[in-house]
There are 2 protein chains.
Amino acid sequence: MDRQKIKEAGLKLTPQRLAILDYLRDNLEHPSAEDIYKAILERFPTMSFATVYNTLETLREKGAIQELTIDPQKKRFDPNPRPHHHLICNRCKKILDIHIDYQLHVPEEKKNGFEIVGNHIEFYGICPGCRLKMSGMQS
Amino acid sequence: MDRQKIKEAGLKLTPQRLAILDYLRDNLEHPSAEDIYKAILERFPTMSFATVYNTLETLREKGAIQELTIDPQKKRFDPNPRPHHHLICNRCKKILDIHIDYQLHVPEEKKNGFEIVGNHIEFYGICPGCRLKMSGMQS
DNA sequence: TATTAATTGATAAATATTATCATATTGAAA
DNA sequence: TTTCAATATGATAATATTTATCAATTAATA
Ligand SMILES: [Mn+2]
Ligand SMILES: [Mn+2]
Ligand SMILES: [Zn+2]
Ligand SMILES: [Zn+2]
């Protein structure tokens, strides 16, 4: 989301918002609110944690980002609002994009009257880094 | 999980465990820890919330249940440990099983070195109950 | 029945998120 | 530019969920 789009969404152009959006732009790490807060604190020491949450919620409302519920411990944020899938490392919780368009048809008789509007696939696995650490230790 | 299997897993047969397992047996609602606690309290007033969490974690370790991370607010528990997919109502968070075996192939070049061990599809939608409530009100 | 290792339950602590609200800032209008 | 109202921020409290601690209890075995 650029300055143009922020205004179009009826949002004020604050330094905090710009810092958060700047941090998220092209970010593929799916950071948590705390990740974002800590990263920005270094260059923006007056940033409040509450503002991070406020801003993320505002951006989500406007459809500029999405909230991921993949990590059981905390919400993770994705600056790419377009539907795509994810691969998560069971060990370190690293999240990677999977851009593949699967055709997931659900026959009417399995919908139980639901109106389906979307889907999201979580792939589970072990990342290369964790695999290395694991080989050479037990369990 | 029946009495037989509990013993085989090296677990003691306590009334609390039996109550929780009994509540979960054939339960298709994917209840939260609190749901489980409240339901059992009625018939088992000495049950502690900590015991619910302890028991659920023990059962998960033993592979008897699975923890779902579909609901952003809280963990939900599924007495069916076999892989299957879910359909969640965006409005009321009701969760339904989807038993369909999709073949989700990920080409090597999109795995980024990950070793993929499983997957889980979340379908999003609106349940019949919520659809009814929505027709007749705005937003 | 005695023993002991596992389990429970009370409670504190940790973690993550949301709410509150006085103060500050933005953007538009004058 | 200055003024002003709506919006946003930041400090902090409150809430919600989950995990940790540990003394007391209980299940299973001998
Ligand atoms: Mn993503
Ligand atoms: Mn299920
Ligand atoms: Zn990893
Ligand atoms: Zn619903």
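Numbers restart at 1 for each chain; the letters A, B, ... are given by sequence-line order, proteins then strands.
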Measure across B/Leu24 and B/Pro79 and return the closest heavy-atom pair with its distance rounded to 0.1 Å. O-CG, 3.2 Å
Angle class for the A/Phe49/A/Tyr37 ring planes (parallel below 30°, perpendicular above 60°, tilted otherwise)? parallel
Given C/dT17, D/dT18, C/dA16, which nucleotide is nearest the side-chain atoms of B/Lys74? D/dT18
What pairs meet the side-chain hydrogen bond (donor to acceptor under 3.5 Å, both in side chains) rule with one or both residues in residues 103-114 of chain A, with sequence neighbours excluded? A/Asp101-A/Gln103, A/Glu108-A/Lys111
Does the side chain of A/Lys75 get closer than 4.0 angstrom to OP1 or OP2 of C/dT18 through an N or O atom? yes
Give each protein N/O atom lying under 3.5 Å from an N/O atom of nucleotides 7-10 of chain D, with the pair distance.
| unit_1 | atom_1 | unit_2 | atom_2 | d |
| --- | --- | --- | --- | --- |
| D/dT7 | O4' | A/Lys12 | NZ | 3.3 |
| D/dA8 | OP1 | A/Lys12 | N | 3.4 |
| D/dA8 | OP1 | A/Arg17 | NH1 | 2.8 |
| D/dA8 | OP1 | A/Arg17 | NH2 | 3.0 |
| D/dA8 | O5' | A/Arg17 | NH2 | 3.3 |
| D/dT9 | OP1 | A/Thr14 | OG1 | 2.6 |
| D/dT9 | O3' | A/Gln16 | NE2 | 2.8 |
| D/dG10 | OP1 | A/Gln16 | NE2 | 2.9 |
| D/dG10 | OP1 | A/Thr46 | O | 3.2 |
| D/dG10 | OP1 | A/Thr46 | OG1 | 3.4 |
| D/dG10 | OP2 | A/Ser48 | N | 3.3 |
| D/dG10 | OP2 | A/Thr51 | OG1 | 2.9 |

In this structure, how many angstroms lie between the C1' atom of C/dT17 and the CD atom of A/Glu57, rounded? 11 Å
Rounded to 10°, the angle between the first-five-pair and last-five-pair axes of the helix from C/dT1-D/dA30 to C/dA30-D/dT1 is 30°
Here the distance between atom P of C/dA6 and atom CD1 of B/Ile6, to the nearest Å, is 17 Å
Look at the side-chain N and O atoms of B/Tyr53 and state whether any lies under 4.0 Å from the OP1 or OP2 oxygen of D/dT19. no
In whole angstroms, the gap separating C1' of C/dT7 from CD of B/Glu61 amounts to 14 Å
Starting at CD of A/Glu34 and ending at P of C/dT17, how long is that distance when rounded to a whole Å? 9 Å
Measuring only between side-chain heavy atoms, which start at C-beta, is A/Val52 closer than 4.5 Å to A/Met47? yes
Mind calculating the distance between CG (A/Leu41) and C1' (D/dA11) to the nearest angstrom? 14 Å
Judged by modelled atom types alone, do A/Asp35 and A/Ser32 share a side-chain donor-acceptor pair under 3.5 Å? yes
Nearest-angstrom distance from the residue atom CZ of A/Arg76 to P of C/dA16: 12 Å
I need the CG-C1' distance between A/Asp35 and C/dT15, as an integer number of Å. 14 Å
According to the side-chain hydrogen bond (donor to acceptor under 3.5 Å, both in side chains) rule, which pairs have a member within residues 1-15 of chain B, sequence neighbours left out? B/Gln4-B/Glu8
With heavy-atom distances below 4.5 Å as the criterion, would you say the side chains of B/Gln66 and B/Arg60 are in contact? no
Heavy atoms within less than 4.0 Å of DNA chain D: which residues of residues 62-73 of chain A have one? Give them sorted by number. none
Distance col, row A/Ile70:CD1 vs B/His120:NE2, nearest 0.5 angstrom, shows 11.5 Å
How many Å lie between OH on B/Tyr37 and P on D/dT19, as a whole number? 17 Å
Within the structure provided, determine whether A/Glu122 and A/His85 are in side-chain contact (heavy-atom separation under 4.5 Å). no
For the residue pair B/Phe114 and A/Gly125, what are the closest heavy atoms and their distance? CD2-C, 4.4 Å
Residue pairs passing the side-chain hydrogen bond (donor to acceptor under 3.5 Å, both in side chains) test with at least one member in residues 69-84 of chain A, sequence neighbours excluded, are A/His30-A/Asp78, A/Asp71-A/Arg76, A/Asp78-A/His84, A/Asp78-A/His86, A/His84-A/His86, A/His84-A/Asp97
